Amino acid sequence: MLNWFAKHEHGGLYAAEKRGYYRDAGLRVTIEQGGPLISSIQLVASGRAEFGIAQADQLLLARDQGLPLVALAATFQTSPQALLFHKEADPAGFSGLNGRTVYIQQEQPYWAFLKKTYGLRDVREIAYTGQLAGFVHDRRAVSQGFVSGESFELKARGIEAGALLVADSGYRPYGGVLFTTERMLKGRPETVRAFIGSTVKGWDCYRAHPKETNAYLQERSPKLSAAELEFGEAVQRDYIFGGDAAMNGMGWMKAERWLELGGQLHGIGLLSELPEAADVFTTAYLPAAGTGS
């Protein structure tokens with residue numbers, strides 16, 4: 001269960017599907033696209049899907065609410081989530097968002113962190129709907145977006161946009177995290193291993209053969225353009241394969257990052273208690289570094 005409509009952010013899964021990696025591992029995998037009213041967390045927790053994609057902070061909040069979900073692999077070592085602005089109206093940092101209109105999806109944990117950490121008490125918040133028209137026409141407005149996504153659309157409209165990368169604020173959740181349930185790990189561990197191994201192999205394939213996978217993605221999501229996919233894949237590459245993944249392989253996660261994030265969410269009152277890292281994630285199902293190509 002994807003966390004949004006199919007895009008380059010999901011390219012590794014579609015590469016694995018196209019190349020037959022899931023089939024070769026003895027799996028029959030159906031990739032379901034998400035959307036604004038679809039919760040991958042609820043669908044996996046209820047058993048209607050075996051695996052899902054969500055952000056790391058969303059998984060911690062779900063576990064705090066009693067949902068026994070476990071992270072298996074991180075697509076993004078550094079999240080490409082950002083706050084976009086018109087370059088001629090650079091806020092010069094997060095504190096400079098005071099006095100601005102910000103298009104933001106409601107109940108975003110990173111936004112709660114930014115407001116408290118940077119004292120954002122004079123911000124006009126407007127619900128982000130995925131449409132950029134309001135941002136485009138207000139030169140002092142700021143909008144949530146991905147540097148690998150909305151930046152392309154703005155450039156296509158002739159808008160020179162800058163970005164405040166959320167990760168640069170000190171808030172560093174893993175992005176696009178593949179997860180399942182504790183029940184799945186206990187009952188079907190070899191299925192989990194086969195799925196994660198095939199997906200990592202798919203991401204390595206997408207890295208090596210992006211045009212092939214992008215063409216396949218266009219079949220699945222015809223509104224996507226070749227130029228948009230090419231842009232997104234190129235920008236996101238370092239976010240996926242850099243950081244700890246450069247040494248340990250795509251998907252790698254470590255306890256320090258999860259504990260840091262848990263402490264931040266607890267500090268702003270979104271978690272009732274600090275999580276145990278061993279309960280939240282595992283790297284046991286990732287292939288050894290260098291074996292996923």
Side-chain angles (χ1 to χ4, degrees), residues 3 9 39-42 44-45 51-83 94 107-120 146 164-186 189 192-193 196 199-200 203 236 238-289:
N3 55 339
E9 298 147 26
S39 169
S40 60
I41 285 176
Q42 292 298 329
V44 173
F51 301 95
I53 296 178
Q55 307 310 318
D57 48 16
Q58 293 174 322
L59 292 176
L60 287 180
L61 294 174
R63 283 196 64 92
D64 196 55
Q65 295 165 6
L67 300 180
L69 305 176
V70 181
L72 303 169
T75 303
F76 295 101
Q77 293 291 311
T78 300
S79 172
Q81 182 75 59
L83 296 174
F94 294 99
E107 299 182 355
Q108 285 282 4
Y110 73 81
W111 181 238
F113 173 86
L114 292 175
K115 285 198 293 185
K116 182 171 183 179
T117 303
Y118 292 91
L120 303 181
F146 275 23
L164 293 171
L165 194 68
V166 172
D168 289 339
S169 74
Y171 188 76
R172 306 182 303 142
Y174 290 113
V177 179
L178 284 157
F179 68 94
T180 191
T181 60
E182 292 178 358
R183 181 178 63 253
M184 187 76 175
L185 290 177
K186 292 176 182 177
V192 176
R193 189 176 308 279
I196 293 299
T199 301
V200 170
W203 273 108
Q236 75 182 12
D238 286 344
Y239 292 82
I240 295 171
F241 297 100
D244 291 325
M247 179 69 68
N248 299 293
M250 185 270 164
W252 188 255
M253 300 174 291
K254 60 184 181 182
E256 291 85 349
R257 288 277 298 276
W258 284 100
L259 292 174
E260 176 187 68
L261 178 62
Q264 290 171 329
L265 292 171
H266 185 262
I268 59 177
L270 293 184
L271 286 186
S272 62
E273 58 184 32
L274 293 172
E276 294 288 341
D279 297 333
V280 171
F281 85 104
T282 177
T283 57
Y285 299 90
L286 287 167

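In this text the structure is predicted, and so the values were computed from the model without any measurement.
Under a cut-off of 6.0 angstrom, the local environment of CD in Glu276 is sparse, with at most 12 non-hydrogen atoms contributed by other residues, nucleotides or ligands.
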Evaluate the criterion salt bridge (charged side-chain N to carboxylate O under 4.0 Å, His left out) for residue pair Arg63 and Glu182; output intermediate values, then yes/no.
CA-CA 11 Å; Arg63 283 196 64 92; Glu182 292 178 358; 3.1 Å; yes
Using the rule given for side chain to side chain contact (heavy atoms under 4.5 Å, CB included), can you reason through Thr180 versus Leu69, listing the C-alpha separation, both sets of side-chain angles and the distance that settles it, and then say yes or no?
CA-CA 6 Å; Thr180 191; Leu69 305 176; over 6 Å; no
Checking Phe51 against Met184 for the side chain to side chain contact (heavy atoms under 4.5 Å, CB included) test, could you report, in this order, the C-alpha distance in whole Å, the side-chain angles of both residues, the deciding distance, and whether it holds?
CA-CA 9 Å; Phe51 301 95; Met184 187 76 175; 4.0 Å; yes
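The closest donor-acceptor contact from the side chain of Thr117 to the backbone of Leu114 lies at 3.5 Å or more, if one exists at all. A donor-acceptor distance shorter than 3.5 angstrom exists from the side chain of Arg257 to the backbone of Gln77, with no hydrogens or angles considered.
The shortest distance between side-chain heavy atoms of Val177 and Phe281 does not fall below 4.5 Å. Proximity of Leu83 to Trp111: side-chain heavy atoms (C-beta onward) are separated by under 4.5 Å at one or more points. Looking only at side-chain heavy atoms (C-beta outward), Val70 and Phe179 stay at 4.5 Å or farther from each other. Looking at Ser79 and Tyr174, their side chains never come closer than 4.5 Å, going by heavy atoms from C-beta outward.
Taking each heavy atom of Ala71 and Trp258 in turn, the nearest pair found is CB-CZ2, 3.6 Å. Nearest heavy-atom pair across Gly262 and Leu274 is O-CD2, 3.8 Å. Closest non-hydrogen pair, Ala45 versus Thr181, comes out as CA-CG2, 4.4 Å. In terms of heavy atoms, Ala284 sits closest to Thr282 at N-OG1, 3.0 Å. Annotation for Ile268 and Phe113: closest pair CD1-N, 3.7 Å, computed over non-hydrogen atoms. Here the closest heavy-atom approach between residue Gly251 and residue Leu286 is recorded as O-CD1, 3.6 Å.
Counting only residues at least two apart or in different chains, salt bridge (Lys or Arg N to Asp or Glu O under 4.0 Å) contacts with residues 242-254 comprise Asp244-Lys254. The stretch residues 260-272 participates, sequence neighbours left out, in these side-chain hydrogen bond (donor to acceptor under 3.5 Å, both in side chains) pairs: Asp64-Ser272, Arg172-Glu260.
Relative orientation of the Phe146 and Phe76 rings is perpendicular, given thresholds of 30° and 60° on the angle between their planes. Below 30°, between 30° and 60°, or above 60°: for Trp203 and Phe241 the angle between ring planes is above 60°, a perpendicular geometry.
Distance check: Leu178 CG to Tyr285 OH gives 14.5 Å after rounding to the nearest 0.5 Å.
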Return a table of donor-acceptor pairs under 3.5 angstrom between the side chains of residues 52-61 and protein atoms on other chains or two or more places apart.
{"unit_1": "Gln55", "atom_1": "OE1", "unit_2": "Gly176", "atom_2": "N", "d": "3.2"}
{"unit_1": "Asp57", "atom_1": "OD2", "unit_2": "Tyr171", "atom_2": "OH", "d": "2.7"}
{"unit_1": "Gln58", "atom_1": "OE1", "unit_2": "Gln55", "atom_2": "N", "d": "2.9"}

